[in-house]
Each structure stands twice: as structure tokens, then as C-alpha cells.
Novice: 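To start, I am sharing the structure in question, which I have written as C-alpha cells.
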Amino acid sequence: KAGVTQTPRYLIKTRGQQVTLSCSPISGHRSVSWYQQTPGQGLQFLFEYFSETQRNKGNFPGRFSGRQFSNSRSEMNVSTLELGDSALYLCASSLGFFGTEGPEGTQYFGPGTRLLVL
Amino acid sequence: QKEVEQDPGPLSVPEGAIVSLNCTYSNSAFQYFMWYRQYSRKGPELLMYTYSSGNKEDGRFTAQVDKSSKYISLFIRDSQPSDSATYLCAIVDSSASKIIFGSGTRLSIRP
């Protein structure tokens, strides 16, 4: 079974621009979560989508948004980029929604999109 | 105080040694616990998850949870150079739909 895929893998943008990242979950997985990873803050939860609905949101400004399509693919958008948005953005998918006990709730991560904001 | 504390290392041990990686947490409501391994330039890979206090073993890996002390550990036996990676603990509070990751411990196994 193919794993979680993310595109693009690398991206360079300038301050003020906006960016859209894409995530294709493992086939059959209905939950997609997004994370930001930086050396200073570590891995931080952004939001989770399940069946096209945002279920949970982390403590990030409204410039960070996302959506999920009927085929469970998800996109994340960051508007008005800031230098501090430079990070590795990871997507993870699971069968069940976030917090489900057991294998259904187990999240599998993609390789990430490395975003550099200049 | 961070909700999850993890020693960032780096930790360097010789091949074949037993490795002990640890996290402490502050909220007794946290319900289940995971360990991820992350190689350079890759996404985290789930190694183990466990819900209850006690030990869970999978091959060379043993996860240990002590809920009374709010302490979790990952032991790696017969460590190999291929185990060199960053190890992240993750703790889930299902009722709050919250997951918190430790900062990660960089581990290097010397041949």
C-alpha cells in the first residue's frame, strides 16, 4: 500500500506571498492532520480534517488554513508568509479521526514539504 | 513548564549497547503514548504505541509507561548504526483531541 505523499517536497517563497501544500493520504484513510516542525519549536499540531470537516485546530494564526476533498486529499494554505513560517510541514493520515484508540487512530506521516521563506 | 519534556541529546553510544530514551509529562489526563523515529529529511515513523502502565515489547524495542510518575521510556537493545535517528515521544489526550510531541532526542550509534 502506498504511503502518505506530499507535494511539493521543497519550496522557496518570499515574505508576503502565499503558498499551498498538498497531501495525499494512504488509501482508505479518512483523517489528515498537518504539523509544523522547526528546530526551535519542534513538532506542532496545526489542524485535522476528517471527512472534509476540520475537527481540531492547534494554536496557529488564521493565516494557516486547510481543506479536505471528498477523496480525502488535503491542502494546506499559508497566506502572507513570514520568515518564521520557514519549516518542515508534515502531513499524517489515519483510518479513524484523531484520538481514536488503537490502530484506527495511528497516524502515518509523509516525508514533508520543506518551506523556506526569504 | 512544557507539558512534555524530552532530553534533546545528542546521545552517542557504541553499537550493541542498550539505549534508554525518556520523556516526562505533566498532565495525568494524557491517555496514550507513542514513540516515533525520524531519520534526517524524512517524516516521523511510528515505532510503538501503548495505553497502560507497564512494558510493551516489539523486537529490540521496549516501551515503558509509568503513569504514577508521569514518565515514559523507550529501550533499544542491541543497538545498530541504522538506529541512528531522532526519537520523538508523543502523548495524546483523546478527550481534548490533543497530541503533544517531545522535542526529540538525537541518537547516534557508533560502529
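Proteins come first, then strands; the chains are lettered A, B, ... in the order of their sequence lines, and each starts at number 1.
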Novice: Quick one: do L81(A) and L21(A) end up in the same hydrophobic cluster if we chain Ile, Leu, Val, Met, Phe, Trp and Tyr together by side-chain heavy atoms under 4.5 Å apart?
Specialist: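 As far as the 4.5 Å side-chain criterion goes, L21(A) and L81(A) are connected within one cluster.
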Novice: Kindly work out whether a path of hydrophobic side-chain contacts (I/L/V/M/F/W/Y, heavy atoms less than 4.5 Å apart) joins F33(B) to F61(B).
Specialist: yes
Novice: Verify the cluster assignment for L43(A) and L115(A): are they in a single hydrophobic cluster under the rule of side-chain heavy atoms below 4.5 Å apart?
Specialist: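 Different clusters.
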Novice: Of the backbone (N, CA, C, O) and the side chain (C-beta and beyond), which part of L46(B) lies under 4.5 Å from a heavy atom of chain A, both, or neither?
Specialist: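 Answer is side chain: those atoms of L46(B) sit under 4.5 Å from chain A.
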Novice: Between chain B and chain A, which donor-acceptor atom pairs come closer than 3.5 Å, counting both backbone and side-chain atoms?
Specialist:
from: Q37(A); atom 1: OE1; to: Q38(B); atom 2: NE2; distance (Å): 2.9
from: Q37(A); atom 1: NE2; to: Q38(B); atom 2: OE1; distance (Å): 2.9
from: G99(A); atom 1: O; to: S94(B); atom 2: OG; distance (Å): 3.0
from: T100(A); atom 1: O; to: Y32(B); atom 2: OH; distance (Å): 3.2
from: G102(A); atom 1: N; to: Y51(B); atom 2: OH; distance (Å): 2.4
from: Q107(A); atom 1: O; to: Y36(B); atom 2: OH; distance (Å): 3.3

Novice: In the hydrophobic cluster built from side-chain contacts under 4.5 Å, what are the other members alongside L118(A)?
Specialist: I12(A), L116(A)
Novice: Should L88(A) and F109(A) be counted in the same cluster of Ile, Leu, Val, Met, Phe, Trp and Tyr side chains packed under 4.5 Å apart?
Specialist: yes
Novice: Checking heavy atoms, do the side chain of L90(A), its backbone, both or neither come under 4.5 Å from chain B?
Specialist: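 Side chain only.
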Novice: Do F50(A) and F64(A) belong together in a cluster built from hydrophobic side chains that touch within less than 4.5 Å?
Specialist: no
